Amino acid sequence: MALRLNVIICSTRPGRLGPKIADWFHGQAVKHAGFNAVLVDLADFELPVYDEPKHPRLHQYEHAHTKRWSQSVASADAFAFVTPEYNYFAPPAFVNALTYLAREWAYKPAGLVSYGGVSGGLRAQQSEKLLLTTLKIMPIPESVAIPAFAQHLKDDGTFRPGEQAETGAKTMLDELLRWAVALKPMRSA
């Protein structure tokens, strides 16, 4: 059975362009064929600012939105976070979504697909790696950073970043698969 990769759209802002980039990356993951790739939109979970009365490590959730989010994260073997950069940092919705859960994240690898202006979201990636390791998620070194992302939006509304990003996506997916396989015994223990 193929391992599951959740490609997670990390921005929930109205008018966001993250879904276009995530559609592109999801297509790369499907073409890669190493995973059963599933596109997950964080906005669909409508997570308010963290509102569970008990600590996430207890795994005793009271709210339906938390239970749905928990099921989605628990079902994955790896993650690809499609993330913008807000104020040189991770999007607040992403930080909030990470905070909701604990054990569902553990011993799973993550790759980062960032987008932004000149930096391509690399500053967000750096802040996100600190958060991910706290939750026992293994952020792999390979990533995709897309600077000046708006120039890759086509007239038909699709996002096509070019050969360099496609090569980076393949490299990242290859490594995610290696890590997902290697960490599987830890997830089963």
Side-chain angles (χ1 to χ4, degrees), residues 5-29 32 35 37-50 69 72-73 76 78-101 104-105 108-155 157-176 179:
L5 171 67
N6 279 8
V7 177
I8 301 177
I9 303 167
C10 295
S11 173
T12 60
R13 182 181 63 78
R16 65 206 163 122
L17 295 174
K20 293 182 184 305
I21 297 163
D23 285 341
W24 164 77
F25 185 80
H26 179 256
Q28 297 296 306
H32 182 270
F35 291 100
V38 177
L39 190 57
V40 177
D41 190 344
L42 191 51
D44 291 341
F45 293 88
E46 299 179 344
L47 296 172
V49 173
Y50 185 68
W69 180 231
S72 178
V73 172
F79 307 101
F81 296 111
V82 180
T83 177
E85 179 177 293
Y86 293 158
N87 302 317
Y88 301 165
F89 197 72
F94 176 53
V95 175
N96 187 52
L98 289 172
T99 303
Y100 263 89
L101 309 174
E104 295 90 338
W105 297 114
K108 298 175 183 181
L112 297 165
V113 179
S114 64
Y115 57 97
V118 173
S119 77
L122 288 172
R123 295 170 295 210
Q125 282 194 26
Q126 291 305 309
S127 67
E128 291 161 353
K129 287 178 181 181
L130 292 171
L131 294 168
L132 296 175
T133 58
T134 301
L135 293 164
K136 299 182 184 177
I137 302 168
M138 176 58 203
I140 64 170
E142 292 75 13
S143 66
V144 178
I146 303 166
F149 72 95
Q151 74 183 11
H152 301 290
L153 292 172
K154 304 305 176 196
D155 290 339
T158 59
F159 178 78
R160 294 196 193 105
E163 186 177 332
Q164 184 176 3
E166 288 183 11
T167 300
K170 183 185 180 321
T171 300
M172 188 180 98
L173 287 161
D174 287 345
E175 284 300 301
L176 264 178
W179 279 96

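Every heavy atom of this structure was used, including side-chain atoms; hydrogens, water molecules and symmetry mates were not. Just so we're clear, the structure is a prediction, and the values are computed from it rather than from any experiment.
Note: I9 CD1 to I21 CD1 = 10.0 Å, rounded to the nearest 0.5 Å. Atom CD of Q126 sits about 10.5 Å away from atom CD of E85, to the nearest 0.5 Å. Annotation: the span from D155 atom CG to L153 atom CG amounts to 10.0 Å, rounded to 0.5 Å. Annotation: the span from F35 atom CZ to N6 atom CG amounts to 10.5 Å, rounded to 0.5 Å. The distance from atom OH of Y100 to atom CH2 of W69, rounded to the nearest 0.5 Å, is 11.0 Å. Atoms CD and CE, on E175 and M172 in that order, are 11.0 Å from each other to the nearest 0.5 Å.
Judged by distance alone, with hydrogens and angles left aside, the side-chain atoms of T83 form no donor-acceptor pair with the main-chain N or O of S114 at under 3.5 Å. Between the side chain of K129 and the backbone N or O of L112 there is no donor-acceptor pair closer than 3.5 Å. A donor-acceptor contact shorter than 3.5 Å links the side chain of T167 to the backbone of E163.
Every residue was checked against the ring pair (Phe, Tyr, Trp, His ring centres under 6.0 Å) condition with Y88, not counting sequence neighbours, and none meets it. F89 meets the side chain to side chain contact (heavy atoms under 4.5 Å, CB included) test with V95, S127; sequence neighbours excluded.
Across all their heavy atoms, G18 and V82 have their closest contact at O-CG1, 4.1 Å. Heavy atoms only, all atoms of each residue included: K154 and R160 are closest at CG-NH1, 3.4 Å. The two residues P91 and E128 have their closest heavy-atom pair at CD-OE2, 3.5 Å. Annotation for W24 and A165: closest pair CH2-O, 3.7 Å, computed over non-hydrogen atoms. Across all non-hydrogen atoms, the minimal contact from H152 to A148 is CD2-O, 3.8 Å. Looking at every heavy atom in both residues, P109 comes nearest to W179 through CB-CB, 3.6 Å.
Between F81 and W105, the ring planes lie tilted relative to each other; the angle falls in the 30° to 60° range.
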Show which side-chain atoms of residues 136-147 pair as donor or acceptor with protein atoms under 3.5 Å away, not counting sequence neighbours.
{"residue": "S143", "atom": "OG", "partner": "Q125", "partner atom": "OE1", "Å": "3.1"}

Expected list for residues 38-50: side-chain donor-acceptor pairs under 3.5 angstrom, two or more places apart:
{"residue": "D41", "atom": "OD1", "partner": "R16", "partner atom": "NH1", "Å": "2.9"}
{"residue": "D41", "atom": "OD1", "partner": "R16", "partner atom": "NH2", "Å": "3.3"}
{"residue": "D41", "atom": "OD1", "partner": "A43", "partner atom": "N", "Å": "3.0"}
{"residue": "D41", "atom": "OD2", "partner": "R16", "partner atom": "NH2", "Å": "2.7"}
{"residue": "Y50", "atom": "OH", "partner": "K54", "partner atom": "O", "Å": "3.1"}

Practice task
List the steps and the verdict of side-chain contact (heavy atoms from CB on, under 4.5 Å) for Q28 and E166.
Solution key: CA-CA 7 Å; Q28 297 296 306; E166 288 183 11; 3.9 Å; yes
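For Q164, the CD atom is loosely surrounded, since the number of other residues' heavy atoms within 6.0 Å does not exceed 12.
Side-chain contact between L5 and L173 is present, with heavy atoms from C-beta onward closer than 4.5 Å.
Under the salt bridge (Lys or Arg N to Asp or Glu O under 4.0 Å) criterion, no residue pair touches residues 86-99, with sequence neighbours excluded. The ring-ring contact (aromatic ring centres under 6.0 Å, His included) analysis of residues 111-143, with sequence neighbours excluded, yields the pairs Y115-F149.
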